[in-house]
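Working notes, beginning with the structure itself.
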Amino acid sequence: MSNFYYQDGELFCEQVALREIAERFGTPAYVYSRAALSQAFSAFTAGLQGHDHLVCFAVKSNPSLAILNLFAQMGAGFDIVSGGELARVLAAGGDAGKVVFSGVGKTAEEMRAALKANIRCFNIESAAELERLNQIAGEMNKVAPVSFRVNPDVDAKTHPYISTGLKNNKFGVAYEDAIALYQRASQMPNIAVHGVDCHIGSQLTELSPFLDALDRVLWLVDQLHDLGIPIQHIDIGGGIGICYQDETPPAFAEYAQAILNKIAQRNIQLVFEPGRALVGNAGVLLTQVEYLKPGSSKNFAIVDAAMNDLMRPALYDAYHHIQPVVQHQGLKSAVYEVVGPVCESGDFLGHDRELAIQQGDLLAIMSAGAYGMSMSSNYNTRPRAIELMVDGDQVHVIRAREQVSDLFALEKVLKA
Ligand code: LLP
């Protein structure tokens with residue numbers, strides 16, 4: 001059963017009514033279910049038992065310390081893309097030895113911090129990055145473990161903004177250049193070749209692009225083996241989609257089995273970098289209707305959450321279910337544009353939603369656990385929402401609501 005469910009017309013998260021949470025902590029509020037998070041992590045790893053594996057949660061999808069700490073306790077590693085994310089992982093009690101560092105633009109300072117922490121692997125995305133890492137590791141008297149993120153040129157069949165495995169985007173090294181890069185790396189004094197990495201995109205709902213990419217990675221692993229460059233792990237990246245509306249992504253077990261079938265008896269560790277699949281459906285954004293504004297062509301429900309809190313609808317035209325927190329009996333429904341108060345026409349959370357609501361009602365924007373808070377901003381000088389974690393019948397504040405004064409604390413006016 002989902003950890004978000006209706007009971008007597010009220011939406012619950014685990015054993016707590018979302019209405020009570022809104023009354024206690026105000027809105028907008030991100031609410032996560034601890035059970036949903038831990039169940040997702042357990043389900044992801046269940047299918048991988050019996051094969052050497054490491055699940056590195058993609059921190060960018062939800063960098064909350066409490067969530068990182070929960071996954072760390074369950075044995076997770078982490079996929080990071082910045083020095084800031086490394087610092088978060090360490091602050092949350094994560095094990096640096098299980099951290100893989102992705103991203104096309106690692107700075108020298110970020111490389112130093114990661115080498116100092118002894119991370120598990122750098123996922124290298126260009127020849128220039130390899131040169132820099134070798135130099136910095138040399139200065140530090142270290143040997144940097146690396147994978148190359150290869151671009152397998154497969155179509156992930158997802159939104160173009162979150163598709164990363166095609167030739168024409170900035171990610172990874174070209175498949176045809178990979179062997180020469182591995183040869184170069186294997187001769188560098190301060191580089192140790194460990195793995196092959198790929199990540200082809202996000203919110204994938206079919207298995208075939210993953211398997212096509214894996215075939216190309218395995219071909220590379222075999223070529224490298226013949227050249228005397230052994231590979232210890234394959235990093236398959238993240239990307240498994242979730243159901244926002246009516247998508248039918250592969251179940252974790254099916255995904256794991258299909259991958260294990262291809263790996264067969266190879267003695268090679270599998271690394272995964274799931275983000276959305278572990279957190280997306282474990283969180284909602286709770287908001288209150290400020291005003292209803294009927295119109296001749298559109299009715300607007302103006303809520304107190306906005307594009308700065310949840311950017312996905314504005315940025316990708318993404319769909320999130322919007323559900324009443326308390327269902328009304330006998331109230332006539334209408335079709336609404338659910339919009340925030342931000343001064344942009346793109347500030348919407350949902351188009352054409354049929355809702356039986358009145359002013360002051362609470363709404364839950366579902367599937368907001370991934371790329372919700374992590375992509376939020378202070379646009380319009382709006383403090384970021386409070387974050388709460390429900391655990392059974394308990395509600396914990398895991399990030400306090402920002403105060404307006406926080407937002408200009410680093411600023412100053414110039415003297416005349
Ligand atoms: N590994 C790498 C190298 C990545 O770039 C990403 C996501 C992941 C893993 C995790 O992917 P996931 O399992 O979450 O699909 N903001 C967009 C998604 C951007 C994904 C960026 N990279 C959204 O809200 O849909």
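This structure is a prediction, so every number in the text was calculated from the model and none was measured. Any value given below was found using the heavy atoms of this structure, including those in side chains, with hydrogens, waters and symmetry copies removed. Both ligands and their constituent atoms are indexed starting at 1 by order of listing.
For L315, no heavy-atom contact with ligand 1 is shorter than 4.0 Å. Heavy atoms of E273 found under 4.0 angstrom from ligand 1 belong to the backbone as well as the side chain. The proximity of F171 to ligand 1, defined as any non-hydrogen pair under 4.0 Å, does not occur for either the backbone or the side chain. The proximity of R312 to ligand 1, defined as any non-hydrogen pair under 4.0 Å, is limited to the side chain.
Between the side chain of T27 and the backbone N or O of A29, no donor-acceptor pair lies under 3.5 Å. Although no hydrogens or angles enter the test, the distance criterion places no donor-acceptor pair under 3.5 Å between the side chain of R112 and the main chain of A137.
Every residue two or more places apart in sequence or in another chain was checked for a ring pair (Phe, Tyr, Trp, His ring centres under 6.0 Å) with F78, and none qualifies. With sequence neighbours excluded, no residue satisfies ring pair (Phe, Tyr, Trp, His ring centres under 6.0 Å) with Y175.
Polar contact check, S61 against ligand 1: no nitrogen or oxygen pair lies under 3.5 Å apart. Backbone and side-chain nitrogen or oxygen atoms of G275 are examined, and one is located within less than 3.5 angstrom of a nitrogen or oxygen of ligand 1. The distance criterion of under 3.5 Å between nitrogen or oxygen atoms is met by S202 with respect to ligand 1. Not a single N or O atom of R149, backbone or side chain, sits closer than 3.5 Å to an N or O atom of ligand 1. Note: no N/O pair closer than 3.5 Å links I240 and ligand 1 by distance alone.
The ligand atoms of ligand 1 that sit less than 4.0 angstrom from a heavy atom of D79 are 1 (N), 2 (C), 9 (C). Of all atoms in ligand 1, numbered sequentially from 1 with element shown, those under 4.0 Å from a heavy atom of K60 are 2 (C), 4 (C), 5 (O), 6 (C), 7 (C), 8 (C), 21 (C), 22 (N). Here is the list of ligand 1 atoms found below 4.0 Å of a heavy atom in P274: 13 (O). Close approach of ligand 1 to G238 is summarised as follows: ligand atoms under 4.0 Å from at least one heavy atom of the residue are 9 (C), 13 (O). The G239 neighbourhood of ligand 1 comprises atoms 11 (O), 12 (P), 13 (O), 15 (O), with distances under 4.0 Å to a heavy atom of that residue. Using a 4.0 Å cut-off to heavy atoms of R276, the atoms of ligand 1 that qualify are 12 (P), 13 (O), 14 (O), 18 (C), 23 (C), 25 (O). Close approach of ligand 1 to Y316 is summarised as follows: ligand atoms under 4.0 Å from at least one heavy atom of the residue are 16 (N), 17 (C), 23 (C), 24 (O), 25 (O).
The local environment of NE2 in H396 is crowded, with over 12 non-hydrogen atoms from other residues, nucleotides or ligands closer than 6.0 Å.
Using a cutoff of 4.0 Å between basic side-chain nitrogens and carboxylate oxygens, D309 and R384 are not scored as salt-bridged. A salt bridge links E23 with R19: at least one charged nitrogen is closer than 4.0 Å to a carboxylate oxygen. Salt-bridge check for K106 with E125: failed, with every basic side-chain N at 4.0 Å or more from each acidic carboxylate O. Residues K60 and E85 are not paired through a salt bridge, judged by the lack of any N-O separation under 4.0 Å between the basic side chain and the carboxylate.
A178 and V150 get closest at one heavy-atom pair: CB-CG1, 3.8 Å.
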